Amino acid sequence: MVAVLLLAGVAAGLTGSMAGLASLFSYPALLAAGLPPVVANQTNTIALAVSSVGSMLGSRPELRGQAPRVLRLLPLTVLGGAIGAGLVLVTPSDAFALIVPFLVAGASLVLLWRPGTDAKPVSSRFGRAATVVGVVLVGVYSGYFGAAAGVVMMAMLVRALADSLVRVNAVKNVLLGASNAVAAIGFAVLGDVAWSSALPLTLGLLVGNYCGPAIARRLPPTVLRVGIALAGLVLAAVLLQRALATP
């Protein structure tokens, strides 16, 4: 099972750093290892938080010149991650699990819409306020459950920042890494984490996260965008089936 978690971690790191879909591989692998859903969720968050260092290092070329943008958004995701982690520790996830598939599917459909070549970053007061609220809510979602949080964040940032997909992806990697980190601290101190499963998953994620950005920058933008969207729709269907099948 250690080898399975290691390989799942590599696959999760590649898809996570390129598309925000790490949990498509990592979360089911933890369930297959026999962990209960809540323990699997918290263990998954720990692994994602530690391994996000790899995606940040791999995204350094795309992060150049984006420090003001990242520093403006970072506190919002940290706040959201803390709220999400708190919700995990005090509330059941059944109702939220039914909402997640529709959120993921909606974000995936938004990504399929290609913005015009003259798209501009959000500058209106309402647009900026909506971006602030959206980033906090995605941070909450990431800290609470996190599956496909990257798809939701990408869909929002692509519209808000009007930048190339690989540069937006780099910002997403930093923001979700921070959200996962603050949630992971809460789970490590107050939660229930399977550390023996977290270690091999984290090692695999580190490898995949570091290599993912290099692969992403070599893919045509349309291929990357459509690939993320289609993978998100598949994950939405899987999550909905699992939520409906849960007694």
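These figures come from a predicted structure and were not determined experimentally.
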For this session: Determine, step by step, whether Val207 and Leu14 satisfy the side chain to side chain contact (heavy atoms under 4.5 Å, CB included) criterion, reporting the C-alpha distance in whole Å, the side-chain angles of both residues, the deciding distance to 0.1 Å, and the verdict.
Result: CA-CA 8 Å; Val207 174; Leu14 288 171; over 6 Å; no
For this session: Would you check, one step at a time, whether the test side chain to side chain contact (heavy atoms under 4.5 Å, CB included) holds for Asp163 with Arg69?
Result: CA-CA 12 Å; Asp163 207 336; Arg69 176 182 285 175; 3.0 Å; yes
For this session: Using the side chain to side chain contact (heavy atoms under 4.5 Å, CB included) rule, take Val138 and Leu76 through it: C-alpha gap first, then chi angles, then the decisive distance, then the call.
Result: CA-CA 9 Å; Val138 176; Leu76 303 176; over 6 Å; no
Exercise. Between Leu205 and Leu48, does a side chain to side chain contact (heavy atoms under 4.5 Å, CB included) hold up when you go through it step by step?
Worked result: CA-CA 7 Å; Leu205 276 161; Leu48 291 175; 4.0 Å; yes
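Here Ser196 pairs with nothing under the side-chain contact (heavy atoms from CB on, under 4.5 Å) rule; sequence neighbours left out. Every residue two or more places apart in sequence or in another chain that forms a side-chain contact (heavy atoms from CB on, under 4.5 Å) with Pro28 is listed here: Arg242. Residues meeting the side-chain contact (heavy atoms from CB on, under 4.5 Å) test with Ile83, sequence neighbours left out: Leu79, Leu87, Val140. Under the side-chain contact (heavy atoms from CB on, under 4.5 Å) criterion, Ala194 pairs with Leu35, Val39, Thr43, Ser197, sequence neighbours left out.
When atom types are taken as modelled, the side chain of Gln66 and the backbone of Val171 share no donor-acceptor pair closer than 3.5 angstrom. Put simply, the side chain of Gln42 gets close to the backbone of Asp192: a donor and an acceptor are under 3.5 Å apart.
Under the 4.5 Å side-chain heavy-atom criterion for grouping Ile, Leu, Val, Met, Phe, Trp and Tyr, Phe187 is connected to Leu190 within one hydrophobic cluster. Both Trp195 and Leu89 are members of a single hydrophobic cluster when ILVMFWY side chains are connected at heavy-atom separations under 4.5 Å. Under the 4.5 Å side-chain heavy-atom criterion for ILVMFWY residues, no single connected hydrophobic cluster contains both Leu206 and Tyr27. Val70 is connected to Leu176 through a chain of hydrophobic side-chain contacts under 4.5 Å among Ile, Leu, Val, Met, Phe, Trp and Tyr, so both are in one cluster. The cluster map of Ile, Leu, Val, Met, Phe, Trp and Tyr, joined by side-chain heavy atoms under 4.5 Å apart, puts Val238 and Leu31 in different clusters.
Here Tyr210 sits in one hydrophobic cluster together with Val53, Leu57; the rule is ILVMFWY side chains under 4.5 Å apart, joined directly or through other members. With a 4.5 Å cut-off between side-chain heavy atoms of Ile, Leu, Val, Met, Phe, Trp and Tyr, the cluster of Val133 takes in Leu137.
Met156 and Thr131 make their closest contact through SD-O, 4.2 Å (heavy atoms, listed as atom of the first residue, atom of the second, distance). Pairing each heavy atom of Ala178 with each of Thr77, the nearest pair is CB-OG1, 4.3 Å. Pairing each heavy atom of Leu157 with each of Leu175, the nearest pair is CD1-CD1, 4.0 Å. In plain terms, the two heavy atoms of Tyr144 and Asn41 that are nearest each other are O-ND2, 2.9 Å. Looking at every heavy atom in both residues, Ala183 comes nearest to Gly143 through CB-CA, 3.8 Å. The two residues Asn173 and Ser59 have their closest heavy-atom pair at ND2-OG, 3.2 Å.
Within the 4.5 Å cutoff, the side chain of Met153 has no heavy atoms near those of the Val168 side chain. In this structure, the side chains of Leu230 and Val234 stay at 4.5 Å or more apart for every pair of heavy atoms.
How far OG1 of Thr45 is from CD1 of Ile185: 12.5 Å, rounded to the nearest 0.5 Å. Expressed to the nearest 0.5 Å, how far CG of Leu201 lies from CG of Asn44 amounts to 6.5 Å. For the atom pair CG of Leu165 and NZ of Lys172, the computed distance is 9.5 Å after rounding to the nearest 0.5 Å.
Side-chain contact, Ser142 with Asn180: a donor N or O sits under 3.5 Å from an acceptor N or O.
Counting only residues at least two apart or on different chains, the salt bridge (charged side-chain N to carboxylate O under 4.0 Å, His left out) pairs with a member in residues 38-62 are Glu62-Arg217.
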